[in-house]
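Position 1 is the first residue of the sequence; numbering continues from there.
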Amino acid sequence: MARRAAAAAPPPPPPDDRSRGHRNGGGSGRGKGSGQTKMRVLAWVSIGMTSVMVAGALTAYTLYRDAFGNIKEKSVKEDIINPRPPDTGALNVLLVGSDTRAGAGNARYGQQLARAADAGGKRTDTIILMHISPNRDKAQLISFPRDSLVQIPRCKNEATKQEMPARRDMINSAYNSGGIACTISTLETLTGIRVNHFVEVDFSGFKNIVDALGGIEICLKSGVNDKASKLVLPPGKSLLNGEKALGYVRLRHYGDGSDIQRIKRQQIFLSKVVSKATSSELLTDVGRLREFIAAAAGSVTMDPELANDTEQLIQIATSARAMTANGVKFTTVPWQPDAEDPNRVVWKDPDAKELFAAIRTDTEVVKPTPTTAANNTPKVTVKPEQVKVQVLNGTKTPGRAREVADMLAKEGFNVVGLGNFEAADGQSLAKTEIHYAKAADVAVAGATTLAGAVLPKPGTQQGKVAAVGPQAYSSGVTAPAKGTPVTQLVIGEDFDSVKVTKLPDSVKDSTITASDQKNVCT
């Protein structure tokens, strides 16, 4: 995996970032060199700290309400002018690092950048979507590369409130000109994922957060003596305070020097932060926990719906107790260099689409359902590969059956046939249905397992329907036991998607799990 990552290093930034400023409508240039890199890295790490606060420290919200008094609020929902995806029960929080120089604590990180920001407004190099599962036991942080060329929808200009037309541009230009509202619309349009809340981060609290955690231990394969980041560390383990952590996360001249390796170091660092912030050592230390929460809260701006909704915060707090470092994953959207501009990237499809579908369809935990027949025969558990499926198109959209069959086959279902379904009135079927032949354990369990993989969840009923123009389909899945009944999925107009649980290798290779990084030396 390391060899693959090094071979596919991302394109380097242009030598002068001023061209980006003019191209994306964000105003004057931002300067160049290590200052630019430092702010980009600090933004990424500040985002990680905020994710910890939202997903971990809120566990103690009911005890430390006063420590959250420093959270700034900003309402942007009236500026979102595009249609929005539906809620799914998951909690999706947009995390954005802002390079605003407002306040002495932020300005001290670069006067040249402060002057640029004053002239052209705030900018972001970091956009992350924190996805917390519907049952609040898993968290995944999806990072969107700032150089991604994407289609940005029509948005309001944050300063003038005038509508801006849709355009193709770098993803971070949505924030540069339209702020949080335009960034939310861009992500929702591109991914189909509803963004429930946002957290905007500045940099002044970063060192305080690390110090409030008592420092973060890292492990290096070789020593560091880097003048650019003012960091000197020996090989092996080191406990980093806030000042040294700043140097570590902006370190570039180390290892092979690639962005891929640097990003991985940042992710491992954040995974250690997550592990420490959710440890009983912190959560049971009243003084340290209060200090940590206060440091994190003082660095962020939230939508008032999140900051002031006590019930939701308590609900997150309650569920967060079940969330440990084992369930936190960090993923970068699969990408590839843009064919026309090697300094830009585009998202790799269908891999990126499958990642978004997995998040969008994470509406409930899908588990094989044990069933018991009336004669009290033993319980039966049916997995997708044990379910034979015939997919019938009950709509007027040609090719719908094959499209859905391909989705099911990718998720491991044994699709054996296609066809159409014609209702008595000749109209499209309004709602998707599942039909099975016998009221036996295996038939009922198969129908239940299939229903749990389809959105919206269809009803199941005994009694099969007639297929019009049936044809065979080979899913490539090993056939289940001989005599396994066929379950029919009849597609209606309400069909949305098949839940995605199996992701391509490119997504797996760009994902790390916090619990795997405890003893990793980089």
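Using modelled atom types, one finds a donor on one side chain and an acceptor on the other under 3.5 Å when comparing S148 with W347. Side-chain N/O atoms of Q140 and T331 include a donor and acceptor closer than 3.5 Å.
Looking at heavy atoms from C-beta onward, E411 lies out of side-chain contact with K499 at the 4.5 angstrom threshold. At a threshold of 4.5 Å between non-hydrogen side-chain atoms, the residues V486 and K464 count as touching.
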Test side chain to side chain contact (heavy atoms under 4.5 Å, CB included) applied to D351 and D505, step by step: CA-CA 9 Å; D351 301 28; D505 289 342; over 6 Å; no
Side chain to side chain contact (heavy atoms under 4.5 Å, CB included) assessment of N82 paired with E188: CA-CA 9 Å; N82 296 292; E188 289 187 340; over 6 Å; no
Side chain to side chain contact (heavy atoms under 4.5 Å, CB included) assessment of V498 paired with T361: CA-CA 7 Å; V498 170; T361 60; over 6 Å; no
Side chain to side chain contact (heavy atoms under 4.5 Å, CB included) evaluation trace for K348 with S510: CA-CA 12 Å; K348 182 180 179 181; S510 65; over 6 Å; no
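Note: E73 CD to M302 CE = 9.5 Å, rounded to the nearest 0.5 Å. Atoms CG and CD, on D349 and E354 in that order, are 9.0 Å from each other to the nearest 0.5 Å.
Within the 3.5 Å criterion, the main-chain N or O of T432 finds a donor-acceptor partner in the side chain of D494.
Here the closest non-hydrogen pair linking A90 and D362 is CB-O, 4.1 Å. T449 and P384 get closest at one heavy-atom pair: CG2-N, 4.2 Å. Residues K396 and S428 share a closest heavy-atom pair of CG-OG, 3.1 Å.
Evaluated for a side-chain contact (heavy atoms from CB on, under 4.5 Å) with I128, the options L141, I142, V199 yield exactly one hit, L141. Residue I359 is tested with V500, T191, N92, T88 for a side-chain contact (heavy atoms from CB on, under 4.5 Å); the sole match is N92.
Annotation for E493: atom CD counts as buried by contact number, over 12 foreign heavy atoms lying within 6.0 Å. Few gaps surround CD on Q471; more than 12 heavy atoms of other groups in view lie less than 6.0 Å from it.
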